[in-house]
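Single-structure report; data block below.
For reference, positions follow the sequence shown, starting with 1.
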Amino acid sequence: MREEPAVVLVHGAFADSTAWNPVLAGLTRQDVDVIAVANPLCSLQGDAEYLRDVIEGLDRPVILVGHSYGGMVITEAATDLDAVRGLVYVAAFTPDQGESAFELAGKFAGSTLGSTPLAYPVGGNEVRIGPAKSHVQFAADPEFEDASRPGRTQRPVTEMALTDCLSTAKPAWRTQPTWQVFGDVDRNIPVELFRFQVRRSAPYGVYEVPGASHAIATSQPEAVTATILQAIAYATAY
């Protein structure tokens with residue numbers, strides 16, 4: 001058996017690392033070594049370089065888990081990185097070379113994000129989702145106990161990060177085992193995009209969770225945790 005990898009969780013735009021707390025708790029109960037990275041949300045290249053530094057500091061195999069824009073970051077960061085044993089995309093972009101989060105979000109109809117973000121006057125061209133709208137746009141699951149919290153803890157994201165294109169000619173999902181988990185009522189990223197990404201990336205596991213919103217890691221942590229555990233099991237066995 002191979003060494004069990006550590007799990008590195010990478011949040012996306014309009015969120016912060018606390019969005020992973022329910023998944024962190026579930027993985028910790030399974031004795032998984034897991035950390036949630038504070039994604040800078042400044043530029044795709046810079047965010048990916050930051051993540052690579054984190055991975056190199058761990059000095060062990062890893063499973064990368066990205067939510068939303070975090071899928072862009074893990075794809076860019078994992079290219080030709082020997083430590084990576086697999087990738088889990090959680091309601092995430094799974095980009096090919098030359099694609100941006102902004103472009104992918106508009107590839108299919110259904111997203112209502114374009115009319116929702118508000119300017120955030122800190123450090124230049126950053127945007128956020130207004131707290132009053134966050135629960136409808138980001139966390140609309142009926143059973144979400146505190147749907148307003150993501151809007152109050154989110155980090156703003158730069159326009160550059162959302163429009164930067166994947167630079168690598170060999171995206172990591174083409175060479176690494178991947179898993180996909182997403183909801184069918186996501187209002188940030190249309191479910192048809194997730195299904196399109198599944199068709200072209202041929203993941204090892206696909207889990208479409210009925211009724212789950214974009215905040216699936218917080219509202220449906222059991223499904224996300226189970227998907228990550230499958231990735232760990234595969235990486236450890238093979």
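Around atom CG of Asp53, more than 12 heavy atoms belonging to other residues, nucleotides or ligands sit under 6.0 Å away. Applying the 6.0 Å contact sphere to CZ of Phe196 captures more than 12 heavy atoms from other residues, nucleotides or ligands.
Taking CD from Gln30 and OG1 from Thr225, the interatomic distance works out to 8.5 Å, rounded to the nearest 0.5 Å. Within the model, atoms CD1 of Ile35 and CG of Leu24 stand 9.5 Å from one another, a figure rounded to the nearest 0.5 Å. To the nearest 0.5 angstrom, Ser201 atom OG is 9.0 Å from Arg174 atom CZ. Taken to the nearest 0.5 Å, the CD atom of Gln180 stands 6.5 Å off from the CZ atom of Phe182. Atom CD in Glu99 sits 6.0 Å away from atom NZ in Lys107 (nearest 0.5 Å). Remark: Thr236 OG1 to Ile63 CD1 distance equals 7.5 Å, nearest 0.5 Å.
Taking the six-membered ring where the residue is Trp, His67 and Trp20 present perpendicular rings, their angle passing 60° and hence far from 30°.
With Val90 as reference, Val181 is the one residue of Val181, Val10, Val23, Thr227 to meet the side-chain contact (heavy atoms from CB on, under 4.5 Å) rule. Leu64 pairs with exactly one of Val88, Thr178, Ile55, Leu9 by the side-chain contact (heavy atoms from CB on, under 4.5 Å) rule, that one being Ile55.
The residues Arg195 and Glu208 are annotated as salt-bridged, a charged nitrogen and a carboxylate oxygen being separated by less than 4.0 angstrom.
Neither Val157 nor Phe102 shares a network with the other; the hydrophobic side chains, linked directly or stepwise wherever heavy atoms of I, L, V, M, F, W or Y lie under 4.5 Å apart, form separate groups for each. Hydrophobic clustering keeps Met160 apart from Phe14 (ILVMFWY residues linked when any side-chain heavy atoms are closer than 4.5 Å, directly or through intermediates). The cluster map of Ile, Leu, Val, Met, Phe, Trp and Tyr, joined by side-chain heavy atoms under 4.5 Å apart, puts Ile74 and Val198 in the same cluster.
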Step-by-step side-chain contact (heavy atoms from CB on, under 4.5 Å) determination, Leu44 to Thr163 | CA-CA 9 Å; Leu44 179 55; Thr163 56; over 6 Å; no
Verdict with reasoning, Asp184 to Val209, per side-chain contact (heavy atoms from CB on, under 4.5 Å) | CA-CA 6 Å; Asp184 64 357; Val209 183; over 6 Å; no
After noting the C-alpha distance and the side-chain angles of Leu162 and Thr158, does the key distance pass the side-chain contact (heavy atoms from CB on, under 4.5 Å) rule?
-> CA-CA 7 Å; Leu162 297 178; Thr158 66; over 6 Å; no
Could you please spell out the steps behind the salt bridge (charged side-chain N to carboxylate O under 4.0 Å, His left out) verdict for Arg29 and Glu222?
-> CA-CA 12 Å; Arg29 285 193 292 270; Glu222 295 85 1; over 6 Å; no
Step by step, work out the side-chain contact (heavy atoms from CB on, under 4.5 Å) result for Gln220 and Tyr207.
-> CA-CA 12 Å; Gln220 306 275 355; Tyr207 306 94; over 6 Å; no
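Within the 4.5 Å cutoff, the side chain of Leu229 has heavy atoms near those of the Leu27 side chain. Considering only heavy atoms from C-beta on, Ser100 stays 4.5 Å or farther from Asp164 through its side chain. Inter-residue side-chain proximity for Val206 and Phe194 is flagged as unmet; no heavy-atom pair is nearer than 4.5 Å. A 4.5 Å side-chain heavy-atom check between Arg60 and Glu3 finds at least one atom pair inside the cut-off.
Looking only at distances, a side-chain donor or acceptor of Gln197 sits under 3.5 Å from a matching main-chain atom of Thr94. In this structure, Arg85 contributes its side chain and Asp82 its backbone to a donor-acceptor pair below 3.5 Å. The backbone N or O of Leu81 lies less than 3.5 Å from no partner atom in the side chain of Arg52, so there is not a single donor-acceptor pair.
Looking at every heavy atom in both residues, Pro221 comes nearest to Thr218 through CD-O, 3.5 Å. Contact detail for Ser17 and Val37: the closest heavy-atom pair is CB-O, 3.9 Å. Residues Ala19 and Ala15 share a closest heavy-atom pair of CB-CB, 4.4 Å. Minimum heavy-atom separation, Gly86 to Gln176: N-OE1, 3.9 Å. Heavy atoms only, all atoms of each residue included: Ser68 and Ile189 are closest at OG-CD1, 4.1 Å. Closest approach of Val65 to Val7, counting heavy atoms only: CG2-CG1, 3.8 Å.
A side-chain N or O of Thr75 and one of Tyr89 form a donor-acceptor pair less than 3.5 Å apart.
Residues satisfying the ring-ring contact (aromatic ring centres under 6.0 Å, His included) test with Tyr204, not counting sequence neighbours, are Trp179, Tyr234. Phe93 is linked by a ring-ring contact (aromatic ring centres under 6.0 Å, His included) to nothing, counting only residues two or more places apart in sequence or in another chain.
Listed by first then second residue, pairs satisfying side-chain hydrogen bond (donor to acceptor under 3.5 Å, both in side chains) with a partner in residues 35-47 read Gln45-Glu76, Gln45-Ser167, Asp47-Tyr69, not counting sequence neighbours.
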